[in-house]
Amino acid sequence: MQYKNAKEVLPPSLLKEMQEYIQGDLIYIPKANEKRMGWGEASGSKALITKRNKEILQLYTNGKSFEELGQQFHLSIDSIRKIIYKMR
């Protein structure tokens with residue numbers, strides 16, 4: 001993260017207003033909600049888990065038991081059950 005001098009990026013009126021609340025300290029301004037990425041979108045984790053969960057549902061539909069799926073995917077039976085019920 002890079003720090004920027006408020007004098008260089010804010011209009012004078014906004015800078016003066018901010019100085020009423022904070023002076024000489026660092027402040028973090030988060031991104032707007034519509035610009036933020038959801039969990040796992042940048043790293044690809046979300047897509048991998050979605051793919052895994054679809055595979056779990058398909059294998060369950062083809063006859064694999066909760067226990068077999070738990071062992072195959074290294075998940076608890078409760079986790080497998082939740083995935084299947086959620087994906088239906």
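Computation of the quantities below employed the complete heavy-atom set of this structure, encompassing side-chain atoms and omitting hydrogens, waters and symmetry-equivalent molecules. What you are looking at is a predicted structure, and each value in this text was computed from that prediction instead of being measured.
At distances below 3.5 Å, not a single donor-acceptor pair connects side-chain atoms of Ser79 with backbone N or O atoms of Leu75. Under the 3.5 Å distance criterion, the side-chain polar atoms of Glu41 are matched with a main-chain donor or acceptor of Gly38. Here the side chain of Gln23 pairs a donor or acceptor atom with the backbone of Gln19 at under 3.5 angstrom. With hydrogens and angles disregarded, no donor-acceptor distance shorter than 3.5 Å links the side chain of Gln71 to the backbone of Glu68.
Under the 4.5 Å side-chain heavy-atom criterion for grouping Ile, Leu, Val, Met, Phe, Trp and Tyr, Tyr3 is not connected to Val9 through any hydrophobic cluster. Leu69 and Met87 fall within the same hydrophobic cluster, defined by Ile, Leu, Val, Met, Phe, Trp and Tyr side-chain heavy atoms under 4.5 Å apart, directly or through other members. Cluster annotation: Ile22 is connected to Leu10 through the hydrophobic network of ILVMFWY side chains, with a link wherever side-chain heavy atoms come within less than 4.5 Å. Cluster membership for Leu48 and Phe73, using ILVMFWY side-chain heavy atoms within less than 4.5 angstrom, is not shared.
In this structure the side chain of Thr61 reaches within 4.5 angstrom of the side chain of Leu57, judged on heavy atoms. The shortest side-chain heavy-atom distance between Gln72 and Leu59 falls under the 4.5 Å cut-off. Looking only at side-chain heavy atoms (C-beta outward), Trp39 and Ser45 come within less than 4.5 Å of each other.
Heavy-atom minimum distance, Ala6 versus Leu15: CB-CD1, 3.7 Å. Of all heavy-atom pairs between Ile84 and Ile56, the closest is CG1-CG2, 4.0 Å.
With values rounded to the nearest 0.5 angstrom, Asn53 atom CG is found 6.5 Å from Thr50 atom OG1. Interatomic distance, OG of Ser76 versus NZ of Lys82, reported as 7.0 Å (0.5 Å rounding). Atom CD1 in Ile49 sits 8.5 Å away from atom CD1 in Ile83 (nearest 0.5 Å).
Taking the six-membered ring where tryptophan is involved, the planes of Tyr85 and Phe66 are perpendicular, since the angle between them exceeds 60° and thus also 30°.
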